[in-house]
> 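For reference, the structure I am asking about is given below.
For the single chain, residues carry numbers from 1 onward in sequence order. When a ligand or atom number is given, it counts from 1 through the structure's own listing order.
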Amino acid sequence: MIDSPWEYAPAPESREIANLKPSYRMFVDGEFVDGGGEPLKSINPATEELLAEVSSASESDVDTAVRAARRAFDGTWSTMPGRERAKYLFRIARLIQERARELAVLESLDNGKPIKESRDADIPTAAAHFFHHAGWADKLGYAGYGPDPRPLGVAGQVIPWNFPLLMLAWKIAPALACGNTVVLKPAETTPLTALVFAEICQQAGLPPGVVNILPGAGDIGAALVAHPGVDKVAFTGSTEVGKQIQRSVAGSGKKLTLELGGKAANIVFDDAPLDQAVEGIVNGIFFNQGHVCCAGSRLLVQESIADELLEKLRIRVRTLRVGDPLDKNTDVGAINSAEQLGKITELAASGDAEGAERWTSPCPLPEKGFFFSPTVFSGVHQSMRIAREEIFGPVLSVLTFRTPAEAIAKANNTPYGLSAGIWTEKGSRILWAAQQLRAGVVWANTFNRFDPTAPFGGYQESGFGREGGRAGLEAYLDV
Ligand code: NAP
Ligand code: MG
C-alpha cells in the first residue's frame with residue numbers, strides 16, 4: 001500500500017464557476033460603494049497571482065457603516081416580528097445553497113483550501129447556520145432567556161481568514177436571528193466570499209443597513225470594535241489581538257465574545273481502534289492545512305502503542321495529495337499567505353532546534369505558491385515551543401503518556417482550551433476524560449465535527465462566549 005503505483009489524473013474544478021470579477025467594492029447601507037482606504041489586493045495563495053482588487057474601508061467608512069446599521073436596527077430590524085426576520089434568513093440560506101458551487105470555487109481560489117473541503121464542509125455548513133438560526137428567529141421566547149428577549153443593537157464583528165464564509169455565517173446568522181444589525185470586517189487576505197455574501201443579502205431583499213461588509217486591515221477592525229455606536233463585539237482570531245480588543249472595550253458596556261487560538265490534545269488510549277484513530281488524527285491536523293483553531297495539533301499517545309500508531313500514521317499521511325486546491329483529488333491545499341508560511345516554517349525549525357524528531361511526507365510540492373508538506377514531530381516534550389504554541393499549519397506534535405491521569409494532566413497543561421479528542425473503546429473512559437478535560441468541545445472517537453446546533457467556544461486563552469446552538473443566542477441577546 002505504501003508504494004502503491006496509484007496515480008490520479010488531474011480533476012480540476014473550473015475556475016470560471018467563481019465568476020471572479022477584477023474588482024470588488026465594500027457593502028454599506030445596502031449599496032456597493034468605494035471605500036476611502038487603500039485598495040487591497042487579494043491573491044491566490046496556490047499560484048501567487050492577483051485575483052482581484054478590493055476597495056477597503058477608512059475610519060470614516062466605519063462610522064458611516066455603524067450609523068447605517070443603527071438606522072436599520074431602530075427603523076426596521078429590531079421591531080420586525082421574528083417570523084418575518086426568519087424569512088430573510090431562510091432566503092439567505094437557500095441562496096447560499098443555490099450559489100454553492102460559485103462560493104466554493106471562489107473560497108478555494110482566495111483561501112487556498114481544497115475544493116473538496118470548501119464544497120463539502122465550508123459552504124454547506126455556512127448554509128446550515130442560516131437555516132438553523134432562521135428557525136430560532138420566531139422562537140427566542142422559548143430559548144430560556146425570558147419570554148421576550150431583546151436584541152443588543154449594532155454588532156461589530158471581525159473574522160479571520162481560515163474559514164472566511166463559514167466564520168461570517170457563525171457571526172451574522174445568530175446576530176440577525178436575534179434582531180441585531182451587523183458591521184463585519186473580513187480578513188485582509190480573504191475578503192471575496194464576504195462580498196458575494198453581500199450580493200446575496202441584496203438578492204434576498206434584506207433591508208439596507210442590516211448587514212454591512214467592510215474589507216480592510218487590522219486598523220479597521222480596531223476602529224470598528226472601538227466605535228462608540230457598536231453595542232456588541234464578536235471577534236474570531238488570534239489570542240494576541242483578542243487581548244487587545246478586550247482592553248479596548250473594557251468599561252464601555254459593550255458585550256464581548258472572543259473565539260481565539262487553541263492547541264488541542266488528541267488523546268489515543270491503548271484500547272483505541274487504531275485505524276479509525278489514524279483517520280481522526282489526519283482529519284484533526286491536516287484538514288484545512290491545519291489552519292483550524294480547534295485542530296488536534298498535539299497528539300498524546302499511550303506509550304505501549306506509540307510505535308505501532310506512528311507507523312500507521314506515516315503510511316496514511318504519505319498518501320495525502322498536496323497541491324492545486326481546485327483539483328478534486330487534493331487533500332491538502334495552499335497555506336493562506338507567505339506570512340503564515342513563514343510562521344509555520346519558523347516554528348517547525350524550533351522543533352528541530354529543541355531536539356524533536358521531524359518526519360515529512362515525501363509528497364511533491366508545486367513550484368509556485370505557498371505550500372508546506374504534512375509534517376509529524378515525535379519525541380516532543382511539554383517544554384518545547386511546538387508543544388505549547390499554536391502552529392496553525394499542517395504540523396503535528398506527538399507526545400506520549402503512560403497512565404490516563406498523565407494524559408489528562410498533559411492535555412490540560414496549556415494556556416488554551418478550545419477542543420480535545422479522545423480515542424478509546426471504553427465508554428466509561430470517554431465520560432471520565434471528558435469531565436477532566438478543560439476544553440470547550442470534546443470529541444470522542446471522531447474529530448472536527450461541526451454542527452450549528454452544538455455550541456462552540458473556549459476556556460482560558462481560547463476565549464469566552466459560545467457560538468451555535470441555544471447557548472450561542474445568549475451572545476446576541478440582552479440577558
Ligand atoms: P488575527 O491576526 O487575530 O486576525 C483576525 C482578524 O482580526 C482579521 O480580520 C484581522 O485583520 C483583524 N485584526 C488584526 N488586528 C486587529 C486589531 N488590533 N483589532 C481588531 N481587529 C484586528 O488572526 P489570524 O492570524 O488572521 O487568524 C488565526 C488565528 O485565529 C489563530 O490563532 C486561530 O486559532 C484563531 N481562530 C480562532 C477560531 C475560533 O473559533 N476560536 C476560529 C478561527 C481562527 P487582518 O486580516 O487585516 O489581519
Ligand atoms: Mg486571497
> Any atoms of ligand 1 less than 4.0 Å from a non-hydrogen atom of A217? List them with their elements.
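Matching atoms, with element in brackets: 47 (O).
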> Salt bridge check: are R25 and E31 linked by an N-O gap of less than 4.0 Å?
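No, this pair does not count.
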> Any ion pair linking R70 and D231 (charged N to carboxylate O, less than 4.0 Å)?
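Salt bridge: yes.
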> What part of E259 sits under 4.0 Å from ligand 1 if we count only heavy atoms: the side chain, the backbone, both or neither?
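Both backbone and side chain.
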> For ligand 1, which atoms sit closer than 4.0 Å to a heavy atom of Q244?
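Under 4.0 Å from Q244, ligand 1 has these atoms: 18 (N).
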> Would you mind checking which non-hydrogen protein atom is closest to atom 28 (C) of ligand 1, with the distance to 0.1 Å?
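Its nearest protein heavy-atom neighbour is F392 CE2, 3.5 Å.
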> Would you please determine whether V225 falls within less than 4.0 Å of ligand 1 on a heavy-atom basis?
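Under 4.0 Å: no for V225.
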> Applying a heavy-atom cut-off of 4.0 Å, say which part of L260 lies close to ligand 1: side chain, backbone, both or neither.
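For L260, the contact with ligand 1 is made by the backbone alone.
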> Tell me the protein heavy atom at minimum distance from atom 23 (O) of ligand 1, and give that distance in Å.
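I find the closest protein heavy atom is S238 N, 3.3 Å.
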> Which residue owns the protein heavy atom closest to atom 13 (N) of ligand 1, what's the atom, and how far is it?
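The closest one turns out to be G218 CA, 3.7 Å.
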> With a 4.0 Å heavy-atom cut-off (strictly under), which part of F235 contacts ligand 1: side chain, backbone, both or neither?
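For F235, only side-chain atoms sit under 4.0 Å from ligand 1.
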> Protein heavy atoms near atom 4 (O) of ligand 1, is at least one of them under 4.0 angstrom away?
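Flag for atom 4 (O) of ligand 1 set to false, no protein heavy atom closer than 4.0 Å.
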> Tell me which part of I159 gets within contact of ligand 1: side chain, backbone, both or neither, using heavy atoms under 4.0 Å.
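Near ligand 1, I159 shows its backbone, while the atoms from C-beta on stay back.
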> Centroid-to-centroid, Y476 to W136, below 6.0 Å?
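For Y476 and W136, the ring centres are not under 6.0 Å apart.
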> With atoms numbered from 1 as shown, which atoms in ligand 1 lie under 4.0 angstrom from a non-hydrogen atom of L418?
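Checking each atom against L418, I get 41 (N).
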> Under 3.5 Å between any N/O of G237 and any N/O of ligand 1: does that happen in this structure?
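G237 vs ligand 1: N/O contact under 3.5 Å present.
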> Is the closest heavy-atom distance from F456 to ligand 1 below 4.0 Å?
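Within the 4.0 Å threshold, so yes.
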> If the cut-off is 4.0 Å to any non-hydrogen atom of N162, which atoms of ligand 1 fall inside it?
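Once the distances to N162 are compared, the set is 43 (C), 44 (C).
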> Could you check V317, T375, V395 and say which one makes a side-chain contact (heavy atoms from CB on, under 4.5 Å) with T360?
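Output: one option passes, namely T375.
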> Quick one: does ligand 1 sit under 4.0 Å from the side chain of E390, the backbone, both or neither, non-hydrogen atoms only?
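Near ligand 1, E390 shows its side chain, while the N, CA, C and O stay back.
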> Looking at W170 versus F456, is the centre-to-centre ring distance below 6.0 Å?
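So the answer is yes for these two rings.
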> Charged N to carboxylate O under 4.0 angstrom, R101 versus E13?
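Salt bridge between R101 and E13, a charged N being under 4.0 Å from a carboxylate O: yes.
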> Side chain or backbone, does K185 bring an N or O within less than 3.5 Å of an N or O on ligand 1?
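Yes; at least one N/O pair falls below 3.5 Å.
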